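Everything on this sheet refers to the single structure shown next.
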Protein chains: 2
Amino acid sequence: MESKLALSQLSALAQENRLAVFRLLVKAGPDGLPAGEIAVALDVPPNTLSAQLNILSNAGLIEGARQGRSIIYTANYDAISGLIVFLMEDCCQGRAEICTPIMAAAQSACC
Amino acid sequence: MESKLALSQLSALAQENRLAVFRLLVKAGPDGLPAGEIAVALDVPPNTLSAQLNILSNAGLIEGARQGRSIIYTANYDAISGLIVFLMEDCCQGRAEICTPIMAAAQSACC
DNA sequence: TCCATATTTCCACTATTATGGAAATATTGG
DNA sequence: CCAATATTTCCATAATAGTGGAAATATGGA
């Protein structure tokens, strides 16, 4: 069931620190950030952050890769794309006037 | 703080029944559905559903309007638009190659 | 006014989630 | 091998969210 994934992603994002982590990583781009820097940036103890990174990672929203002593986390752009598609997919059953302004707003916010 | 609203919307959507309610109302379109029909469709007791509708409504994702004995709920398309914008807004700081495929996927899922 | 219908509010109980101290694991350099 | 650094896992406690029975409120019709 596809909605299980969407649900886990929404749950993962539905928490202040995790939403901040995700947005930080989205901003950081493909290079990502090490866990320690995220912890400092958000002022969260490393073990607490670790649990939160794990939740985001299990939901597929971020990915971690060890690089030396650090673990570098990056946003998974495909996942957020999939989530947006899931939220939108039944939005315009023949009524393009409903969804066109939504896409236009997203488009202009992005590029 | 704009993220408070986004957080309440993500929390509202991060629950099986509420996500189902929201998607049902998105599909139902501008005419919406009465609370009772939603309760039957999702097989949830009316008082439980009422609490869930309230959470979605407080987050601004749906709106209820009394019509006779029923209360008709409709999806708030502006709210979901705003949430998508919030999740996307810092996604491409000069790197259009990151966000373009995301928007393209959303576009094709929608219209 | 009285009754049936539709939905909500109140409230207590249960379940899930968040948090961070302490200890464990992994890596690099000396 | 040992010490330092980076991060995670384990675990117990605290906080938040979900659930539905029972009663309350709102509306429309006889």
Side-chain angles (χ1 to χ4, degrees), chain A residues 3-25 28 31-76, chain B residues 3-25 28 31-76:
Chain A
S3 73
K4 273 285 158 58
L5 176 63
L7 205 51
S8 76
Q9 292 173 336
L10 289 164
S11 296
L13 292 173
Q15 204 268 349
E16 197 170 6
N17 285 326
R18 291 195 301 259
L19 184 55
V21 168
F22 181 75
R23 282 166 53 84
L24 190 62
L25 291 178
D31 291 344
L33 288 172
E37 270 187 48
I38 301 172
V40 169
L42 303 184
D43 191 29
V44 177
N47 57 349
T48 299
L49 180 73
S50 181
Q52 295 173 332
L53 289 170
N54 214 34
I55 289 168
L56 285 164
S57 180
N58 286 338
L61 288 166
I62 66 174
E63 275 161 31
R66 182 174 283 279
Q67 191 173 297
R69 266 179 274 207
S70 300
I71 296 181
I72 309 292
Y73 283 92
T74 50
N76 181 354
Chain B
S3 74
K4 272 286 160 58
L5 176 62
L7 203 52
S8 75
Q9 293 174 337
L10 289 164
S11 297
L13 292 173
Q15 202 267 347
E16 196 170 5
N17 286 326
R18 291 194 302 259
L19 184 56
V21 168
F22 181 75
R23 282 167 53 86
L24 190 62
L25 291 178
D31 291 345
L33 288 173
E37 269 186 49
I38 301 171
V40 170
L42 303 185
D43 192 28
V44 177
N47 58 347
T48 300
L49 180 72
S50 182
Q52 294 172 332
L53 289 170
N54 214 35
I55 289 168
L56 285 165
S57 179
N58 285 338
L61 288 166
I62 67 174
E63 276 161 31
R66 183 174 282 278
Q67 191 173 298
R69 269 179 272 207
S70 300
I71 296 182
I72 308 292
Y73 282 93
T74 50
N76 182 353

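For the numbers below, each heavy atom of this structure counts, side chains included, while hydrogens, waters and symmetry mates do not. Protein chains get the first letters and strands the later ones, always in sequence-line order, with residue 1 at the start of each. All of these numbers come straight from a predicted model, not from anything done at the bench.
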Whole Å only: how far is the [atom1] atom of [X] from the [atom2] atom of [N]?
X       : N      : atom1 : atom2 : answer
B/Ile71 : D/dA26 : CD1   : C1'   : 8 Å
A/Arg69 : D/dA4  : CZ    : C1'   : 7 Å
A/Arg66 : D/dT7  : CZ    : P     : 8 Å
B/Ile38 : C/dT7  : CD1   : C1'   : 12 Å
B/Leu7  : C/dT17 : CG    : C1'   : 14 Å
B/Asn17 : D/dG20 : CG    : C1'   : 13 Å
A/Leu19 : C/dA18 : CG    : P     : 13 Å
B/Glu16 : C/dA15 : CD    : C1'   : 15 Å

Taking DNA chain C as the partner, which of residues 56-64 of chain A come within under 4.0 angstrom of it by heavy atom?
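None, since no heavy atom is under 4.0 Å.
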Close residues, residues 40-55 of chain A, relative to DNA chain C [heavy-atom separation under 4.0 Å]
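Going residue by residue through residues 40-55 of chain A, the ones with a heavy atom under 4.0 Å of DNA chain C turn out to be A/Pro45, A/Asn47, A/Thr48, A/Gln52, A/Ile55.
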Residue whose nearest DNA chain D nucleotide is more 5′ - B/Gly68 or A/Glu37
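Result of the comparison: A/Glu37.
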Please name the pair of heavy atoms, one in [X] and one in [Y], separated by the smallest distance, quoted to 0.1 Å.
X       : Y       : value
A/Leu13 : B/Leu7  : O-CD1, 3.8 Å
A/Leu24 : A/Ala41 : CD2-CB, 4.0 Å
B/Ser8  : B/Ala59 : O-CB, 3.7 Å
A/Ala28 : A/Leu33 : CB-CG, 3.9 Å
A/Ala12 : A/Leu61 : CB-CD1, 4.0 Å

Is a side-chain N or O of B/Arg23 found less than 3.5 angstrom from the main chain of B/Leu25, in a donor-acceptor match?
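No; judged by distance alone, with no hydrogens or angles, the pair does not exist.
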So, does [X] get its side chain near the phosphate of [N], meaning an N or O under 4.0 Å from OP1 or OP2?
X       : N      : result
B/Arg18 : D/dG18 : yes
A/Tyr73 : D/dA6  : no
B/Gln67 : D/dT27 : no
B/Ser70 : C/dT7  : yes

For the atom pair CG (A/Leu19) and CG (A/Leu56), what is the distance rounded to the nearest 0.5 Å?
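A/Leu19 CG to A/Leu56 CG: 9.0 Å, rounded to 0.5 Å.
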When rounded to the nearest 0.5 angstrom, what distance separates CZ in B/Arg18 from CG in B/Asn54?
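Those atoms lie 10.5 Å apart.
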If you define the side chain from C-beta out and look only at heavy atoms, does anything of A/Glu37 sit under 4.5 Å from A/Val40?
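Counting from C-beta outward, A/Glu37 and A/Val40 never come under 4.5 Å.
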